[in-house]
Amino acid sequence: MCTTCGCGTDHVTIDGKAHGHDHGHDHGHDHGHDHRHDHPAPAHAHAAGTPAGRAVAVERDILARNDAEADANRRRFTAQGILALNLVSSPGSGKTTLLVETIRRLGGDLGLAVVEGDQQTSNDAERIRATGAHAVQVNTGKGCHLDAHMVAHALDHLAPAEDSVVMIENVGNLVCPAAFDLGEAHKVVVLSVTEGEDKPLKYPDMFAAADLMLLNKCDLLPHLAFDADLCEANARRVNPAIEVLRVSATTGEGLDAWCDWVRAAAREARGRRVRGAARTGCGAACTCG
Amino acid sequence: MHEMSIAESVLGIVEETARREGFSRVAEVRLEIGRLAAVEVEALRFCFDAVVRGSLAEGAALAIEETPGTAWCFGCNDTVSVDSRGEPCPRCGGARLQVSGGTDMRVKDLVGS
């Protein structure tokens with residue numbers, strides 16, 4: 001783990017280069033509330049068998065640092081009118097194919113750029129680049145998820161245009177990425193019909209964290225015993241507010257509805273920039289939030 | 001295994017607090033983990049022991065208090081307690097629940113010298 005900023009990402013590479021940074025940035029924003037806690041041991045007490053020493057109250061959110069960096073990413077997106085989506089799923093759900101097809105349909109209009117997260121290889125970024133879109137590959141090494149710090153560095157490399165769309169393809173994993181805010185506007189969970197319809201119940205945290213579920217590979221439904229209605233009902237059991245779209249990246253089924261959803265979210269993101277600029281009066285480049 | 005990242009974040013907070021307090025050793029760390037925080041407590045213990053090795057918190061005792069999960073039930077129009085997401089309401093058996101508590105993870109306090 002990086003002992004200066006504690007980022008724990010010394011095995012992370014961005015487009016094959018070691019994740020290095022000079023630590024010139026202070027992480028001051030997330031400890032602005034720090035103050036000394038000189039009060040005595042908390043009342044709950046370490047009575048019998050208490051280790052020698054002095055007890056101090058800490059009361060800090062364990063993910064505070066990630067959340068602060070996610071907030072910084074979010075301010076950056078807002079200031080530039082960028083829509084950021086965090087695509088999460090298990091491995092093999094078809095996220096990259098879906099992205100390629102989305103870029104084909106929307107890339108020209110919306111200026112789509114991609115942050116690809118995988119433990120190893122730059123295969124996915126290469127598939128995205130083959131469409132002509134910009135992509136940055138983050139290799140997490142042994143890491144099972146992207147965190148806000150990795151995404152901040154990836155954005156430095158990606159330099160997305162104002163009013164564009166950034167799709168963040170998270171590491172294929174239905175567990176860990178749920179806990180890490182990256183600064184996105186929405187998490188979009190992709191579930192393919194070759195998985196079980198009870199996945200939302202087995203991995204409820206991810207479906208609870210997502211605003212939209214894309215039920216992918218629907219062209220295969222006639223060949224499977226997968227109950228799509230039951231799957232949707234299961235998703236709504238863990239998240240009554242989740243939206244669901246049935247799609248097939250292969251045949252194009254449902255992709256118009258998905259593209260409309262992205263266009264509407266992109267319009268909202270541009271609106272946030274305009275409103276933010278009007279409020280602060282300091283223009284698009286301002287990151288003061 | 002995001003418990004490893006979480007353990008590293010805990011160590012970061014512990015080291016920062018120890019520096020501020022002038023501690024060279026930390027003997028005990030107490031966490032509060034919500035039952036719906038998507039953390040496997042035993043995995044977190046394992047990872048904590050691994051990441052503190054060689055740090056000023058090496059060998060520190062880890063105390064974990066689990067806080068209950070709560071959800072708003074649209075059927076009962078009330079807050080009910082739940083052990084996991086996707087469970088039906090323990091009172092009315094309904095499925096329309098919105099989690100409202102038990103997702104937090106905090107470092108509560110520590111003992112150092």
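Keep in mind that what you see is a predicted model, and the values were worked out from it rather than measured.
In this structure, the portion of A:Phe180 lying under 4.5 Å from any heavy atom of chain B is its side chain and not its backbone. With a threshold of 4.5 angstrom between heavy atoms, B:Ile6 approaches chain A through its backbone and through its side chain.
The shortest side-chain heavy-atom distance between B:Ser113 and A:Arg54 does not fall under the 4.5 Å cut-off.
Using modelled atom types, no side-chain atom of A:Arg237 and backbone atom of B:Pro88 make a donor-acceptor pair closer than 3.5 Å. In this structure, B:Arg85 contributes its side chain and A:Pro204 its backbone to no donor-acceptor pair below 3.5 Å.
With respect to chain B, the highest number of heavy-atom pairs below 4.5 Å among A:Asp61, A:Asn239, A:Val238, A:Leu201 belongs to A:Asp61.
The two residues A:Glu59 and B:Arg106 make their nearest non-hydrogen contact at O-NH2, 2.5 Å. Taking every heavy atom of both residues into account, B:Val111 and A:Gly53 meet most closely at CG1-C, 3.9 Å. Nearest heavy atoms, A:Val56 versus B:Thr17: CG2-CG2, 3.9 Å. Across B:His2 and A:Ala179, no two heavy atoms sit closer than the pair CD2-CB, 3.9 Å.
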Go through B:Ile33 and A:Ile62 one step at a time and tell me if the side chain to side chain contact (heavy atoms under 4.5 Å, CB included) criterion holds. CA-CA 10 Å; B:Ile33 304 287; A:Ile62 292 173; 4.0 Å; yes
task: Go through the steps for A:His145 and B:Ser5 under the test side chain to side chain contact (heavy atoms under 4.5 Å, CB included), then give the verdict.
output: CA-CA 9 Å; A:His145 58 271; B:Ser5 306; 2.9 Å; yes
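With salt bridges taken as basic N to acidic carboxylate O contacts below 4.0 Å, one links B:Glu16 and A:Arg65.
Here the CE atom belonging to B:Met4 is positioned 9.5 Å from the SG atom belonging to A:Cys144, to the nearest 0.5 angstrom.
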